Amino acid sequence: MIPAGWRQPRVVLAAVGLVLAALVGTVIAQRGEVGLDDVFITYRYAQNLAEGHGFVFNPGERVFGTTAPGFGLLLAGLHKVTGIPIPWLGALCTGLSALVLGLALFATARKEGHGLEALGGALLLATTSYLWIHAGSEIPFALALLVLAGLVVERWPVAAGVLAGFAVWCRPDALLGAGVVGLLEWRARRRLPWRYGVVVGGVVAVGLALAWSWFGVPLPSTLEAKRIQASLGTQFWASGFAFWGTAYQSLYFLVEPAGRFAFFCFGMLGWVPVLRYGGRVGQVLGGTALVLLVAYPLLGVPFYTWYSLPVVITLCFGYAFALGLLIRRSFRFFGGSRAAVVVTGLVVLAVFGLSTWRLAARGWGGLTHRAHDPRYHFYREAGEWLAANARPGDDLAFVEVGTLAFYSRLPVRDQLGLVTPESLPFLGARDIVGAFLAKPTAWFLFDERLGGFTKDVAAEPWFTAAFEEEKRFTSAPLNRTLVMHRRRPEVAIPPPRPPLRRDSPR
Amino acid sequence: MSVAGALAPGLCWLLAVGLLLALLARWGETVPRRIVALGLALGFLLLGPVLVGGRVLLPLDLLRESAPFQDLPAAARPANPLQRDLVTQMAPAQAAVRAALRRGEWPLWNAAVGAGESLLGRPAAQVLSPLQVAAGPLPLGRALGVEAALELFLAFLFTYLFLRRLGLGNIAAAFGAVAFGLSSYVVSWLGWPAATAAVWLPVLLLAIDRAVVSAPRRRDLALLGGAVFGVLTAGDDDAGRAVLAVAAAFALLRLAGLPPVARPGGLGRLVVAGLVGFTLAAPVVLARGAYTADSTVQSRVAAFVAERDRHDPLGLWSFDSAEKRAAWVFETGRRLLPSFVPDALGNDRAGAYWGAANVNEDGGGFAGTAALLLALVGACLPGRGLRFREARFFAGVLAVGVLLVARPPVLVEIADAFLSPSLHRHGLVVVAFAVATLGALAVERLQREGRGRLGRVVPVVVLLGVAFVAAHRAYPPPTPGNLEALRARTLGLQLVTLGAVVAILVVARKRPALLGALPLVAAAELLALGLPVHRPGLPEQFFPTPPALGFLAEKLGPGERLMALGTSFPPELAAIYGLADLRVAGFDHPAFYTRLIAPLTPPRQGRFDFMRRPDHPLLDLLGVRYVLAPPGTEAPAGLVRAFTSPTADVFERPQALPRVFLPATAERWDVAAGPWDLWTAANKDFRARSLVRETFDGAATWRAARPLRATADLREVTATHLRARVETGEPRLVATSIFGDPGWRALVNREVVATTVSNGPLLALWVPAGRHDVELVYRPRALVAGLALLACGLTLAAALLCAPRRGES
C-alpha cells in the first residue's frame, strides 16, 4: 500500500522527474558529445561567439547560415558561463527538453487520469535512438519551450509569449507552434490572447531586427539553400509527398523494420488520445506536430531527419497512449474481473508484443552500441587532423561542413550553400565545379559516396595537377573514404565563372 | 460412359447435401425445402453437365494446345484459358495425393515435380480439406465436380443460415445467399483453394454467432473448430487470412453483446475452439508454412517489398506529382472496377482484358448488381433500422476490403507486412460477402419498412446506372471496338437488373410477396455471368494416354526424369501418368530449385515450364533421360530419337546421371566465391565435379584418389524413400538430384548421418570407405510437430466434447 502522502501530485511528479532525469543522464553519459553534422554548424556559431569572433560561421563572414540563432546564442552564453564544452551543452539541452516534454505531459495527462500513458511515452522518448542521434538539435528544445508556453499562457501570457518567441529564435518553424499555442488559448477562453500574440510578435520582431542588423538579412540563407536542394529532386532530398515517406524510412533509428508499421499505426492512432487526454501539453505537442505534418510537404521542404522530430516525438507518446487505451478499454470490456486482467494481458501481448519488442531491441541497441553515429567520429578525426596539419590562412571546401569546421577551426566553404550563400546560384544550376571555382580553397575533401557533390570537382582535368593527396580517412562502418587534397599553390586553376546549367550533379 | 457413372457425381452431391441437412436439423438449424431446392437448382444450373452429364470440371480442351494431346476431340466451345492452372497444377497435385494414398503412403513428397517438393505443404494439393475428403471416394475426374458443387452449396446454405440468424426473413436471407453463393469470387475461383477458403466464411460467422452466447452448446464450439479447420486446410493463405480476420472482428462484435463479466469466458471458448481447429490442421498448416516461406513467389515478393521500401516507402512517392496521382487513380480503377462493373475492362476469357491482372483476380468482389444496388439503398435509408450494428460492421468490412484493393499510400504496408502477393486481391472475398450481407439487410428493411422508401431507391439507381456507363467510357478498349458486343451485353444486363429490381420494389408496395422475386433476379444475373466461366471438359478428354506418354511410362526408369521442349507439354501433367518432369509451373515452387534450373529457361521470362536447352549439363545432373518434343522436331545435338508419333516425338539423352551418383571432385561453396547458381550453370560435367556445402575434410576442394573404384547402385526408389548400395575404398560424396528439403534424413547402414547439399539445393551426404546401405527417407519436422499438435488437439476436443456437463455425475 502506497502511503497517501506519497501520492501527492508534487511528490509523484518529483519521483517521475528523478526517474526520467536518471535515465536521461545515463544516456547522455553513455553517448557523450556525439551529434549530427548539422548541429555542429550551430555549435560553430556558438564557438566563434564565445571566442570573441562574433556570431559567425567563418570569422569575418557575417552569413546567416544557421536556422537556430537563438539556440546558438544560448549555447554560447552557457559555454561562457559554465565552461562546459558546447557539444556537451547541446546534448544536455536535448536531455533537458526530453525531461520537460515528458514531465509536462505527465503532469497534465495525470489530471485526466492518463498519467501512466504519458510516463510510458516519456520513457520511450528518453530512450529512443531517434532522439539521441539528434542530440544537440534545437528542435526538441524549441518544442519544450512551446510546451512550457502552452502551460503558462493562461496565467502568464507575457511569459508564454517570451517563451514562444524565443522558441522561434531557436527554430523558425516554431512560429507555427506558437500559433497553435495561441489558437488553443483562444479556443479555451473564447477570447483572443492578444497579450500573448503581441509579445510573441515583439520577440520575433526583435530577433528579425537583430539578425538584419548583424547579418544584413532577417532570415537565414539556409531557407533558400534548402529550397534549392529540394528542387534537385527526390534522388537527393525528398520533398512534397515524398517527405513523410522518407521520414517513415528513417524510423529505422527508432524501431526495427519488423515492428515499424505497427509502431507507426499505433502512434498515429494514439495521436487522438494524446490530444484528448494530454491536456494543454498534449494539445500543443500534437497540434504542432499535426501542423508540421501538413506544412512540410505543402511548403516543399527537403527532408532532413530532424525535421520529423516533433512528429516522431508525438508518435512515441501516441504509441504509449494507444497502448494505455487498449489496456483500459480491454480491461473494461472484459468486465474488470481477475479474468479480465489475464485476458487483457494476452490481448495487449498479441497486439503490441511484437512492435514493443522491436522498439525495445532498437532502443537498447542504439544506446548500448558504442559505435553509434560513426559519421561523427569520422568527421571529427578528419577535423582534428586538419587542425593539427593545416597552415595558417588555409581554408577548406566540402559539402558536410559542421563537424569538420568545428574541430578543424578552419574557414570552410560549403558547396551546398548552407553557410556559403555564394554557392547557391551554382547549386541551383547543379554546377558544383563552378561553386568551387568561385572561391577555390587550400583544401578539398573528396568522398566518392557523396557522388557528384565532390566527384564533379575531382573529375575536372585541372584537378590532378592542382591538388595533391595528403591523407585518407577510412570508416569501415560507413564504408566511406575521405581523401584530403591540398592545393599546389604554384599550379593555376581556371578562373571563377558564372554558373553553367547541368542536369544534375553527377 | 455409363449412365450410372455420369449420374454418380450428382448422386454423391445429393447424398452429401442430405447428410449435411440432416446434421444441421439435429443441431437445430432447419432449412425450408424451397431454400434447399433453390440451392440445389443453382448448383445444377451451374454445374449440371458435370453432376449428371458425365463432364469433367476441368478446362480439358486446353490440353489440345500441347503436342501429345493435339488429336483429342474438341469441345463445342473452347475452355476458359484463365483456368489453365486447374488442369496444369491443381488436378496433378490432387492426383499426386490420391496416388500416394493408393500406395498406402502419406502424401508427403511429390517426386514428379521438379527435383521433388513437399506435397503436404503444396497449397494446390489441399491435403485434409474436408470437401476434398468428402469427394474422395470418387475418381478424380468426378470428384472435382462434387467438390465444386459442395462448395457452392455450402456458400449458399451457410450464408442463408447466418442471415437468418441475424433475424432476416426467408426472402432477404435467400437473396444474400444467392448473392454470395454465386458471387464472382466463389464461382470464378471454383477449383482453386481460394474458393474453398471463401465458402468457410459464412460457416465461421454462423459458428461464432452460435458460440458467443452466455451458455453455448458443445456442438456450436465443434462447428467453430470445424470451420477454422476448413479454412486452414483450404490451402489459400491470403483468402484464409481475410476470412479469419473478418471472423475475428465479428467475434469481437459478438463478445461486445455479452455482459462484461461473461466476455472473458466467451473469448476463452472461442480461443479454445479455434485452437482445436488449428491443432487438427497443424500437420498441413506447418508444412504449408515451410513450403511457402521457401517459394519463388515469396522471394520475389520479399525482393519487391525491399525495393519499394528503399524507393517508395508507404507508397507516398507515387503521389509527388499531379501526373502520378492521376496515374494512381487510373490504376486503382483498373483494380477495383471489375468487382463492380464486370467486363467494363474486357474479359480475358473472351480474349482481351485491360484491367490490372485478370478478371478472376480483379473481379472477385462482384456479388451482383442487385446486391450492390440494395446495399447502397440500405446506406441511404434513414434511421438505424434493423441490425444496425451488423450493418455498420459489414460496411466497415466492405470499406477495408476496398481499401486493401485500392492500395492507397500507407496501406500498401498491410499487404506487404504479410509478404503476400495477393492479399489485396483475395481480400475481395470479404467485399463480396459484405455486399451480399448489406444487400440482404436492405431487402429486409425494405420489406419491413418499405412503404414510402422508393424516393431513396430511384436516385441510387440513376447514380449507379450512370456510374456503370461512365466506367465503360472511362476505360475504352486499347483496340477500338474490341469485345464491344460482350461489354454492351454485360452493361445491358446490369442496367436490366437495376430496372428489374426497381420494378419489383414498385410492384411489391402493393403485393409484398413479389419481393420473393429479388433472389431470382439476382440469381439470373449472376448465372448469366457465371455460366460461361466453367466450360467442363469431355470425358474422353480426361487425361487419355497418348502414344508418346505411353512410351515414356514404359521406358522411364526409376529415378529418371523427362522434360519437354517449349510449351509442348505442361510440366506437372507428368504426375498424372506417374512420370517425373524436371520443370515446374507457376511460382510457388522452392526458390532454390527455380534458381538452379533458370539457365535452362529463356532469359528474362521468369517462367520455369518453358525450356529450350535439351543439351545443357544441368539436365544430366537432374537425370533427364527423355525429351518430349512436337512432331517433326530436328534431333538436338547429342540426343537420339527414341520414339516418333504423329503427335509427339521423344528423344533420349544417354548421358543422364542416375538419381544417386559419386562425383570425382567436390568443391566447397563459399559465399565469398559468388552465387552458387553461376557455378552450376557453368559446370560441364557434374559427375566429374560437383559443388558441395561442406567437404569431407574441410578442404576447399576434395578429390577422389581413385574416382572409378567406387559404385552406387540404386536399389529402390519411392516418393519418400530411396535406397542405394554404395561401395567405395575412400570417403566419397554421394550426390543426388533430389531437392534438399530439410525433411530428408539419411541413414548409412541404418545409422543416421548428417546430410548436406550439393550443386545448389540438391541433397547429398558423405560416406566413409566401405560397403554401405544408404537410405534417404523423407520425414519432415513439420509433420512430426504437426502430428504432435494434432494429438493434443484431438485430446482437447475429446475432453471438451465428452466431459460431463455441470451437474451431471
Side-chain angles (χ1 to χ4, degrees), chain A residues 230-231 233-235 237-252 256-269 293 296-298 300-303 308 326 329-347 349-351 354-355 358, chain B residues 212 214 244-245 248-249 251-272 274-275 302 305-328 400 403 408-420:
Chain A
S231 73
T234 50
Q235 70 269 38
W237 284 279
S239 61
F241 275 94
F243 185 99
W244 290 114
T246 316
Y248 178 74
Q249 270 180 330
S250 68
L251 286 181
Y252 166 83
E256 288 182 347
R260 187 177 56 176
F261 187 60
F263 169 79
F264 170 73
C265 288
F266 294 138
M268 292 299 281
L269 288 174
L293 190 74
Y296 282 148
L298 292 180
V301 176
F303 177 76
S308 59
L326 179 73
R329 289 272 170 95
S330 174
F331 185 66
R332 209 178 313 144
F333 183 83
F334 289 109
S337 60
R338 279 186 192 171
V341 175
V342 177
V343 175
T344 299
L346 292 174
V347 168
L349 200 64
V351 179
L354 179 71
S355 54
R358 298 294 178 187
Chain B
V212 184
S214 295
L244 290 174
L252 273 182
L253 184 80
R254 280 290 169 262
L255 283 172
L258 290 180
V261 287
R263 287 171 187 164
L267 180 67
R269 284 191 290 274
L270 287 181
V271 169
V272 169
L275 209 59
V305 170
E307 189 66 13
R308 188 182 56 66
D309 199 48
R310 266 196 299 279
H311 298 296
D312 191 8
L314 293 179
L316 281 169
W317 292 10
S318 310
F319 268 67
D320 64 0
S321 70
E323 294 81 32
K324 287 183 182 175
R325 287 192 284 275
W328 179 83
V400 171
L403 279 176
V410 179
L411 287 188
V412 294
E413 279 269 346
I414 293 182
D416 295 347
F418 291 102
L419 287 184
S420 157

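For clarity, every value in this text was computed on a predicted model and none was experimentally measured. Order of the sequence lines fixes the chain letters, A, B, ..., with proteins taken first and strands second; residue numbering starts at 1 for each chain.
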In this structure, which one of Leu354(A), Val347(A), Leu349(A) forms a side-chain contact (heavy atoms from CB on, under 4.5 Å) with Val351(A)?
-> Val347(A)

What part of Ala256(B) gets closer than 4.5 Å to chain A, counting heavy atoms only: side chain, backbone, both or neither?
-> both

Can you name the residues of residues 264-272 of chain B that have some heavy atom under 4.5 Å away from a heavy atom in chain A?
-> Pro264(B), Leu267(B)

Interface moiety of Leu255(B) toward chain A, non-hydrogen atoms closer than 4.5 Å = both

Distance-only, no hydrogens or angles: does the Arg263(B) side chain make a donor-acceptor pair with backbone N or O of Gly335(A) under 3.5 Å?
-> no

With under 30° as parallel and over 60° as perpendicular, where do the rings of Tyr248(A) and Phe261(A) fit, or are they tilted in between?
-> perpendicular

With sequence neighbours excluded, what pairs up with Glu307(B) under the salt bridge (Lys or Arg N to Asp or Glu O under 4.0 Å) test?
-> Arg310(B)

Give a yes or no on whether Arg329(A) atom CZ has more than 12 heavy-atom contacts from other residues, nucleotides or ligands under 6.0 Å away.
-> no

Going by the salt bridge (charged side-chain N to carboxylate O under 4.0 Å, His left out) test, which pairs reach into residues 258-267 of chain A, not counting sequence neighbours?
-> Arg260(A)-Asp309(B), Arg260(A)-Glu413(B)

Turns out that what part of Thr344(A) lies under 4.5 Å from chain B's heavy atoms comes down to neither

Check side-chain hydrogen bond (donor to acceptor under 3.5 Å, both in side chains) between Arg358(A) and all other residues, then give those that pass, not counting sequence neighbours.
-> Glu256(A)

